[in-house]
Number of protein chains: 2
Amino acid sequence: MKRSVTIKDVAQIAGVAHTTVSRVINKDSRITQATCDRVRRAMKKLDYQPNLIARGLVRNRTQVIALIGPEVANFFLPIIRSVAESSASRDYAMMLFSTNTWIKEAMSFEWVAQNWLVDGMLVYNLIHHPEVPPEIIKLKSRISPFVFINKFLREPEMNAVGVDNYHAVNLAVEHLVALDHRRIGIFYGDVTSVDGFERKDAFEKALRKAGVPVDPSLEFCGMWRDEDAFKETLRMLEGDARPTAIFCANDIMAIGAMRAIREKGLSVPRDISLVGFDDLETSRYIDVPLTTIRPPLADVGTRSVELLMDVLKDPTRPPQQIALHAELIVRASTAKPAG
Amino acid sequence: MKRSVTIKDVAQIAGVAHTTVSRVINKDSRITQATCDRVRRAMKKLDYQPNLIARGLVRNRTQVIALIGPEVANFFLPIIRSVAESSASRDYAMMLFSTNTWIKEAMSFEWVAQNWLVDGMLVYNLIHHPEVPPEIIKLKSRISPFVFINKFLREPEMNAVGVDNYHAVNLAVEHLVALDHRRIGIFYGDVTSVDGFERKDAFEKALRKAGVPVDPSLEFCGMWRDEDAFKETLRMLEGDARPTAIFCANDIMAIGAMRAIREKGLSVPRDISLVGFDDLETSRYIDVPLTTIRPPLADVGTRSVELLMDVLKDPTRPPQQIALHAELIVRASTAKPAG
DNA sequence: TTGACTTATGAGAACGCTCTCAATAGGATT
DNA sequence: AATCCTATTGAGAGCGTTCTCATAAGTCAA
């Protein structure tokens, strides 16, 4: 079953040296048409396929890149998709690793990099680091090139591609402020994650920029969860200092909030406006279609691959950070406040 | 940057032959504790990582499997996930190929198999073949092992794992019949795809089994699309011979139908009951939560990997087909017909 | 002390390819 | 006719492992 046909078998059939066959495979220009044809015919006859592993060994590259990320997360699929497509179009195969399994310790994409199976890596690591940890800086010089996704977008020494949370959240806040909302709440996510931290931070910055005071009593950490948002919304609606709008750092929490608002007999957007973040497919279909932020995930994938290819081509090139802009999708869940 | 530290560097530092280092790496039992320690220390000192490519060349396996599938499809993510997890837990890495890009021609997963980059493959190919095409049979003996996903579940000569569409659809039909529905329509998908063909076929078989006549005027090919289902539902509601229930071969079409029903001022399930297939996240959140079929996608991934591993261990073992059972999730979109 | 046997280690081939350098042939130049 | 070029091909080393086989050292019975 296994026993492969090698370059030497082809050479023998074609009556040339194995070197010549290799040249034909690699389209060396100084092979005569005649020998080329002969070799080609032999290859076809034997149904020869080059052994990519052997080639990888001598060339010291495999034409494989790794995508390392939290594949449990729904928002990761579009990125997987676009990375697969654009790496394939450049004749690279893609290996997929989950940060949940192989990559057990926080930083051990190092392992993936050091065993020479892949030429480069795209690393989507959710953990928020206020600045680039020294161990990562050290890694840079020692292992195959890597590009961070949705992280280190403002760190000049890293290669990174991602969605600009600050720009995105600002869109949401500006939208609400333009509708005359002044009491705007936020349900934010786990702040040990990049998105959790940045979206909350961005929210407060955007409020200040708009001249709206930040009110801590309207800020709640919903841990990205439907349930948490649901309960907190019920609680808020009991009190009398309720917000007129809530920005939710992901759509799931917005959906939870909406459920709670309806359960209280109130309505979206008449009583409370809601803005989400992610633009899940669901958000278009739910009862009150959700106004939300659509991150350009496909672009993130495409641009990451581009950047990685550039680095692969010229490993000495200075690091680059590419921050992509999200889009505000206005649907039915936002309106002017009732008062 | 690149220049790796090899087994020979380690050998030199440890003062042994490279062979010995190799033995330590592979946990050969007859190495003395002393030399083992010495080598281990040298490895740690040099920060040595085995070169998996070189190992792959001599061992003729790479510890990598390929998952080939329609990654544009949402329902593919859970499979990706579980395949990644379970292959990782067996020390296999996973390569992901899209049937849309690399694999342009119908059958050229052959390419992936023949270049020796992967030890085995999981192939998720949507095209419906009434029987196994001879070229696939031929492939079996020549390239690395493969397991089909959601295809060839009833072909004794193939290795296959998948969801049993016939069982699944029967659950839906039995549910509707038990509620006293007798005029049951179907929105089915593209019948050149496996699921498209089988679910329609299964639907008719299930009706007959339940003693309900098959009415072609209630059958419509919605091509899996929201829009098509929407329009057809409007059309059906104009006529007077409307169904009391519709089975939709995917949730998306059920959502489209629901939209149309509401637009006509009618209600689900009072006027028409709807059953979907897929159990999308969306289906739980929409206005009338959808009764649907939940395919055990995670299991499909896990079992595929298991089967592939078995084949890898013993390539001569007889082919096996594993048909998994879906589950009926009853929510609010089905009820007894009004009359 | 010797030979047989076991055990721990080393030397070197092999995996299938690419790449460097040498060799050959034919044509142009002197 | 001798020399030099150029264009094409061949021979062989090397990539970093594993694996086979040989070797050296140690153990034990005679």
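Proteins get letters first, then strands, A, B, ... in listed order; numbering begins at 1 in each. This structure is a prediction, so every number in the text was calculated from the model and none was measured.
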For this session: Treat primed atoms plus P, OP1 and OP2 as sugar-phosphate and everything else as base, then score nucleotides 19-24 of chain C 5' to 3': B for base contact with protein heavy atoms under 4.0 Å, S for sugar-phosphate contact only, - for none.
Result: BBB---

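- Atom CD1 in Ile7(B) sits roughly 11 Å away from atom P in dC19(D) (whole-Å rounding).
- Here the side chains of Asn150(B) and Val194(B) are not in contact, with every heavy-atom distance at 4.5 Å or above.
- Remark on the helix from dT1(C)-dA30(D) to dT30(C)-dA1(D): inter-end axis angle 60°, axes from five-pair C1' superpositions, rounded to 10°.
- Using bins of under 30°, 30° to 60° and over 60° for the plane-to-plane angle, the ring pair Tyr124(A)/Phe75(A) lands in the tilted bin.
- The interatomic distance linking Ile53(B) (CD1) with dA14(C) (C1') rounds to 18 Å, in whole Å.
- Nucleotide dC15(C) holds its P atom 7 Å from the NZ atom of Lys8(A), rounded to whole Å.
- Between the C1' atom of dT7(C) and the CG atom of Asp28(B) lies a distance of 11 Å, rounded to the nearest Å.
- With contacts defined as side-chain heavy-atom distances shorter than 4.5 Å, the pair Lys151(A)/Asn125(A) qualifies.
- Across the protein-nucleic acid pair, Arg61(A) atom CZ and dC15(D) atom P stand 17 Å apart, rounded to whole Å.
- Contacts of Ile31(B) with the nucleic acid, taken as non-hydrogen atoms under 4.0 Å apart, involve only primed sugar atoms and P, OP1 or OP2.
- Distances shorter than 4.0 Å separate some side-chain N or O of Ser4(B) from OP1 or OP2 on dG16(D).
- Rounded to the nearest 0.5 Å, atoms CG (Leu308(A)) and CD1 (Ile65(A)) are 5.5 Å apart.
- Mapping Leu57(A) and Val16(B) onto DNA chain C by nearest heavy atom places Val16(B) at the nucleotide closer to the 5' end.
- Taking the six-membered ring where tryptophan is involved, the planes of Phe152(B) and His129(B) are essentially parallel, since the angle between them stays under 30° and well short of 60°.
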